[in-house]
Asks: 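Below is one structure. I have some questions about it.
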Amino acid sequence: QKEVEQDPGPLSVPEGAIVSLNCTYSNSAFQYFMWYRQYSRKGPELLMYTYSSGNKEDGRFTAQVDKSSKYISLFIRDSQPSDSATYLCAMKPGGTSYGKLTFGQGTILTVHP
Amino acid sequence: DTGVSQDPRHKITKRGQNVTFRCDPISEHNRLYWYRQTLGQGPEFLTYFQNEAQLEKSRLLSDRFSAERPKGSFSTLEIQRTEQGDSAMYLCASSLPGQATSDTQYFGPGTRLTVL
(Lines give C-alpha, C1' and ligand atoms only; values in the text may rest on other atoms or scores of the structure.)
Protein backbone atom coordinates (compact mmCIF):
# COMPACT_ATOMS: atom_id res chain seq x y z
CA GLN A 1 0.00 0.00 0.00
CA LYS A 2 1.31 3.44 -0.92
CA GLU A 3 1.89 5.97 1.83
CA VAL A 4 -0.16 8.56 -0.09
CA GLU A 5 -3.25 7.66 -2.10
CA GLN A 6 -4.80 9.99 -4.65
CA ASP A 7 -7.58 9.27 -7.12
CA PRO A 8 -6.03 9.75 -10.57
CA GLY A 9 -9.35 10.74 -12.13
CA PRO A 10 -9.60 12.00 -14.76
CA LEU A 11 -11.96 14.68 -13.55
CA SER A 12 -13.87 16.82 -16.05
CA VAL A 13 -15.92 19.83 -14.94
CA PRO A 14 -17.58 22.81 -16.62
CA GLU A 15 -16.09 26.28 -16.27
CA GLY A 16 -17.20 27.93 -13.04
CA ALA A 17 -17.64 24.70 -11.09
CA ILE A 18 -16.22 24.04 -7.66
CA VAL A 19 -13.56 21.34 -7.80
CA SER A 20 -12.66 19.09 -4.88
CA LEU A 21 -9.41 17.13 -4.93
CA ASN A 22 -8.40 14.76 -2.14
CA CYS A 23 -5.59 12.62 -0.78
CA THR A 24 -5.37 10.15 2.06
CA TYR A 25 -2.19 9.08 3.77
CA SER A 26 -1.05 6.43 6.21
CA ASN A 27 2.11 7.89 7.79
CA SER A 28 1.14 9.79 10.93
CA ALA A 29 4.56 11.48 10.94
CA PHE A 30 3.57 13.71 8.02
CA GLN A 31 3.24 17.29 9.24
CA TYR A 32 3.75 19.42 6.12
CA PHE A 33 1.23 19.21 3.30
CA MET A 34 1.46 20.72 -0.15
CA TRP A 35 -0.46 20.88 -3.38
CA TYR A 36 1.41 21.20 -6.66
CA ARG A 37 0.00 21.87 -10.12
CA GLN A 38 1.71 20.30 -13.11
CA TYR A 39 0.97 21.21 -16.68
CA SER A 40 1.71 18.67 -19.37
CA ARG A 41 5.44 18.04 -19.79
CA LYS A 42 6.34 20.71 -17.21
CA GLY A 43 7.71 20.60 -13.68
CA PRO A 44 5.38 20.80 -10.66
CA GLU A 45 4.49 24.30 -9.44
CA LEU A 46 3.66 24.91 -5.78
CA LEU A 47 0.08 26.05 -5.18
CA MET A 48 -0.58 25.68 -1.46
CA TYR A 49 1.45 24.86 1.64
CA THR A 50 -0.06 23.91 5.01
CA TYR A 51 1.56 22.93 8.27
CA SER A 52 -0.36 20.49 10.49
CA SER A 53 -4.17 20.69 10.58
CA GLY A 54 -6.50 23.45 9.51
CA ASN A 55 -7.54 25.47 6.50
CA LYS A 56 -5.66 27.87 4.28
CA GLU A 57 -7.11 30.07 1.59
CA ASP A 58 -5.38 31.78 -1.32
CA GLY A 59 -7.61 33.40 -3.90
CA ARG A 60 -9.74 30.72 -5.52
CA PHE A 61 -7.86 27.92 -3.76
CA THR A 62 -8.53 26.48 -0.30
CA ALA A 63 -6.47 23.72 1.28
CA GLN A 64 -7.76 21.67 4.19
CA VAL A 65 -5.91 19.20 6.39
CA ASP A 66 -7.61 16.77 8.76
CA LYS A 67 -4.85 14.90 10.54
CA SER A 68 -7.25 12.88 12.65
CA SER A 69 -8.62 11.31 9.48
CA LYS A 70 -5.30 11.48 7.57
CA TYR A 71 -7.10 13.32 4.80
CA ILE A 72 -6.25 16.47 2.87
CA SER A 73 -8.26 18.40 0.32
CA LEU A 74 -7.86 21.16 -2.24
CA PHE A 75 -10.88 23.15 -3.35
CA ILE A 76 -10.89 25.30 -6.47
CA ARG A 77 -13.69 27.83 -6.76
CA ASP A 78 -14.88 29.33 -10.04
CA SER A 79 -12.72 26.91 -12.01
CA GLN A 80 -11.22 28.16 -15.28
CA PRO A 81 -9.99 26.32 -18.38
CA SER A 82 -6.48 27.45 -17.39
CA ASP A 83 -6.82 25.29 -14.26
CA SER A 84 -6.70 22.20 -16.48
CA ALA A 85 -3.65 20.32 -15.26
CA THR A 86 -2.54 17.46 -13.03
CA TYR A 87 -2.79 18.23 -9.31
CA LEU A 88 -0.33 16.49 -7.02
CA CYS A 89 -0.56 16.31 -3.27
CA ALA A 90 2.75 16.03 -1.43
CA MET A 91 3.76 15.71 2.18
CA LYS A 92 6.75 15.33 4.45
CA PRO A 93 7.40 14.51 8.11
CA GLY A 94 7.87 17.03 10.87
CA GLY A 95 10.80 17.07 13.24
CA THR A 96 13.16 18.63 10.73
CA SER A 97 12.42 21.32 8.21
CA TYR A 98 14.09 19.55 5.32
CA GLY A 99 13.28 16.25 3.75
CA LYS A 100 12.02 14.37 0.76
CA LEU A 101 8.48 14.87 -0.40
CA THR A 102 6.15 11.91 -0.79
CA PHE A 103 3.70 12.52 -3.61
CA GLY A 104 0.33 11.15 -4.54
CA GLN A 105 -0.28 9.79 -8.01
CA GLY A 106 -1.84 13.04 -9.21
CA THR A 107 -5.37 13.86 -10.35
CA ILE A 108 -5.88 14.94 -13.96
CA LEU A 109 -8.35 17.84 -14.12
CA THR A 110 -9.99 19.24 -17.23
CA VAL A 111 -12.14 22.37 -17.06
CA HIS A 112 -14.12 22.80 -20.24
CA PRO A 113 -15.59 26.12 -21.39
CA ASP B 1 14.95 33.69 -15.40
CA THR B 2 15.74 32.96 -11.73
CA GLY B 3 14.04 29.56 -11.51
CA VAL B 4 15.53 26.07 -11.45
CA SER B 5 16.93 25.11 -14.84
CA GLN B 6 17.67 21.65 -16.21
CA ASP B 7 19.61 20.53 -19.23
CA PRO B 8 18.90 18.85 -21.56
CA ARG B 9 15.13 19.03 -21.65
CA HIS B 10 14.92 15.85 -23.69
CA LYS B 11 17.32 12.96 -24.15
CA ILE B 12 16.90 9.92 -26.34
CA THR B 13 19.48 7.20 -25.94
CA LYS B 14 20.00 3.55 -26.73
CA ARG B 15 19.97 0.87 -24.09
CA GLY B 16 23.38 0.43 -22.53
CA GLN B 17 24.56 4.00 -23.07
CA ASN B 18 25.47 6.41 -20.29
CA VAL B 19 23.65 9.71 -19.87
CA THR B 20 24.24 12.75 -17.69
CA PHE B 21 21.77 15.46 -16.70
CA ARG B 22 22.49 18.84 -15.20
CA CYS B 23 20.49 20.92 -12.73
CA ASP B 24 21.13 24.56 -11.83
CA PRO B 25 19.21 25.50 -8.67
CA ILE B 26 17.85 28.89 -7.75
CA SER B 27 20.73 31.12 -6.74
CA GLU B 28 21.63 30.79 -3.03
CA HIS B 29 19.42 27.74 -2.52
CA ASN B 30 21.65 25.34 -0.63
CA ARG B 31 19.36 22.30 -0.79
CA LEU B 32 18.91 20.33 -3.98
CA TYR B 33 16.70 17.32 -4.65
CA TRP B 34 16.37 14.85 -7.52
CA TYR B 35 13.09 13.06 -8.24
CA ARG B 36 11.95 10.66 -10.96
CA GLN B 37 8.46 10.71 -12.44
CA THR B 38 7.05 8.01 -14.68
CA LEU B 39 3.94 8.43 -16.79
CA GLY B 40 0.77 8.68 -14.73
CA GLN B 41 2.62 8.71 -11.41
CA GLY B 42 3.74 11.34 -8.95
CA PRO B 43 7.43 12.17 -8.54
CA GLU B 44 9.52 9.75 -6.48
CA PHE B 45 12.45 10.92 -4.39
CA LEU B 46 15.92 9.87 -5.55
CA THR B 47 18.48 11.87 -3.58
CA TYR B 48 19.11 15.08 -1.64
CA PHE B 49 22.09 17.44 -1.23
CA GLN B 50 22.75 20.12 1.32
CA ASN B 51 25.51 22.22 -0.18
CA GLU B 52 27.96 19.65 -1.61
CA ALA B 53 27.06 16.84 0.81
CA GLN B 54 24.74 14.07 -0.38
CA LEU B 55 22.66 13.44 2.73
CA GLU B 56 20.05 10.96 1.65
CA LYS B 57 19.59 8.43 -1.15
CA SER B 58 16.56 6.38 -2.05
CA ARG B 59 16.70 2.64 -2.59
CA LEU B 60 15.51 3.56 -6.09
CA LEU B 61 18.98 4.92 -6.73
CA SER B 62 20.71 1.75 -7.91
CA ASP B 63 24.45 1.37 -8.41
CA ARG B 64 24.01 2.58 -11.98
CA PHE B 65 22.91 6.00 -10.74
CA SER B 66 25.27 8.58 -9.31
CA ALA B 67 24.70 12.19 -8.39
CA GLU B 68 27.15 14.93 -7.55
CA ARG B 69 27.12 18.53 -6.47
CA PRO B 70 30.84 19.31 -6.38
CA LYS B 71 30.81 22.98 -5.44
CA GLY B 72 27.45 23.20 -3.78
CA SER B 73 25.91 24.92 -6.78
CA PHE B 74 24.84 22.90 -9.86
CA SER B 75 24.30 19.17 -9.68
CA THR B 76 24.66 16.30 -12.16
CA LEU B 77 22.82 12.99 -12.28
CA GLU B 78 24.48 10.22 -14.28
CA ILE B 79 22.89 6.95 -15.31
CA GLN B 80 25.25 4.25 -16.52
CA ARG B 81 24.25 1.36 -18.78
CA THR B 82 20.74 2.71 -19.26
CA GLU B 83 17.79 0.32 -19.33
CA GLN B 84 14.36 0.80 -20.84
CA GLY B 85 12.95 1.01 -17.32
CA ASP B 86 14.97 4.19 -16.79
CA SER B 87 12.69 6.05 -19.21
CA ALA B 88 11.08 8.79 -17.14
CA MET B 89 11.06 12.49 -16.36
CA TYR B 90 13.94 13.44 -14.06
CA LEU B 91 13.05 16.43 -11.93
CA CYS B 92 15.32 18.65 -9.90
CA ALA B 93 14.14 20.89 -7.06
CA SER B 94 15.90 23.38 -4.82
CA SER B 95 15.06 25.03 -1.52
CA LEU B 96 16.38 27.50 1.01
CA PRO B 97 15.95 26.91 4.74
CA GLY B 98 14.53 29.59 6.93
CA GLN B 99 11.73 30.65 4.62
CA ALA B 100 8.30 31.07 6.14
CA THR B 101 7.13 28.02 4.25
CA SER B 102 9.95 25.89 5.65
CA ASP B 103 12.06 24.34 2.90
CA THR B 104 9.58 24.86 0.09
CA GLN B 105 10.89 22.95 -2.91
CA TYR B 106 10.81 24.67 -6.28
CA PHE B 107 10.96 22.38 -9.27
CA GLY B 108 12.67 22.72 -12.61
CA PRO B 109 11.07 21.80 -15.94
CA GLY B 110 12.60 18.30 -15.90
CA THR B 111 14.65 16.21 -18.30
CA ARG B 112 12.62 13.65 -20.21
CA LEU B 113 14.68 10.51 -20.87
CA THR B 114 13.69 7.93 -23.45
CA VAL B 115 15.71 4.73 -23.61
CA LEU B 116 15.23 2.78 -26.85
Side-chain angles (χ1 to χ4, degrees), chain A residues 2-11 21-25 27 30-52 56 58 63 65 72 74 85-109, chain B residues 1 3-6 9-10 23-26 29-51 53-61 88-114:
Chain A
K2 293 184 178 180
E3 282 189 290
V4 180
E5 297 282 354
Q6 183 176 7
D7 186 342
L11 188 60
L21 305 167
N22 311 293
C23 289
T24 59
Y25 63 95
N27 187 346
F30 288 143
Q31 296 278 350
Y32 298 91
F33 303 92
M34 288 135 276
W35 286 94
Y36 283 84
R37 177 174 62 195
Q38 186 174 28
Y39 292 112
S40 181
R41 298 183 179 273
K42 303 289 186 183
E45 168 195 13
L46 181 67
L47 278 178
M48 300 288 285
Y49 184 108
T50 309
Y51 172 68
S52 195
K56 186 174 183 179
D58 185 1
V65 175
I72 69 171
L74 177 71
T86 297
Y87 289 80
L88 297 156
C89 63
M91 45 199 81
K92 64 180 179 179
T96 57
S97 65
Y98 65 86
K100 66 180 183 183
L101 295 176
T102 300
F103 283 86
Q105 183 178 357
T107 299
I108 299 171
L109 172 67
Chain B
D1 186 5
V4 178
S5 61
Q6 293 187 244
R9 296 291 307 276
H10 301 93
C23 171
D24 286 88
I26 295 171
H29 278 196
N30 65 346
R31 293 177 179 163
L32 189 148
Y33 300 79
W34 285 98
Y35 292 83
R36 181 172 69 187
Q37 185 177 25
T38 53
L39 195 62
Q41 300 297 318
E44 293 179 295
F45 170 79
L46 292 179
T47 190
Y48 154 65
F49 290 85
Q50 180 156 315
N51 298 312
Q54 189 174 19
L55 297 185
E56 189 174 352
K57 291 194 294 185
S58 164
R59 287 171 292 177
L60 292 175
L61 214 64
M89 174 83 93
Y90 290 84
L91 293 161
C92 176
S94 71
S95 68
L96 178 66
Q99 291 178 321
T101 50
S102 187
D103 195 46
T104 298
Q105 295 179 31
Y106 297 90
F107 283 82
T111 294
R112 182 169 297 278
L113 172 66
T114 301

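These values consider heavy atoms only, across backbone and side chains, with no hydrogens, waters or symmetry-generated copies. None of the values given here were measured: they were computed from a predicted structure. Protein chains get the first letters and strands the later ones, always in sequence-line order, with residue 1 at the start of each.
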Asks: What part of A/P44 lies closer than 4.5 angstrom to a heavy atom of chain B: side chain, backbone, both or neither?
Replies: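 For A/P44, backbone and side chain are both near chain B.
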Asks: Kindly write out the residues that satisfy ring-ring contact (aromatic ring centres under 6.0 Å, His included) with A/Y51, not counting sequence neighbours, or none if the list is empty.
Replies: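 Here the qualifying residues are A/Y32.
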Asks: Are A/Y36 and A/Q38 close enough that a side-chain donor and a side-chain acceptor fall under 3.5 Å?
Replies: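 Judged by distance alone, the side chains do not pair up.
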Asks: Report which part of A/L88 has an atom under 4.5 Å of a heavy atom belonging to chain B: side chain, backbone, both, or neither.
Replies: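 Answer is side chain: those atoms of A/L88 sit under 4.5 Å from chain B.
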Asks: What part of B/Q6 is in contact with chain A, defined as an atom under 4.5 angstrom from a non-hydrogen atom: side chain, backbone, both or neither?
Replies: neither
Asks: Any idea which of A/Q105, A/E45, A/M34 has the most non-hydrogen atom pairs under 4.5 angstrom with chain B?
Replies: A/Q105
Asks: For B/W34, check side-chain hydrogen bond (donor to acceptor under 3.5 Å, both in side chains) against everything at least two apart and list the hits.
Replies: B/S75
Asks: For each of B/G42, B/P43, B/C92, tally heavy-atom pairs with chain A at distances under 4.5 Å, and name the one with the top tally.
Replies: B/P43
Asks: Looking at the rings of A/F33 and A/Y25, which for Trp means the six-membered one, are their centres under 6.0 Å apart?
Replies: yes
Asks: Distance only, no hydrogens: is a donor on one side chain within 3.5 Å (strictly under) of an acceptor on the other, for B/Q105 and B/Y48?
Replies: no
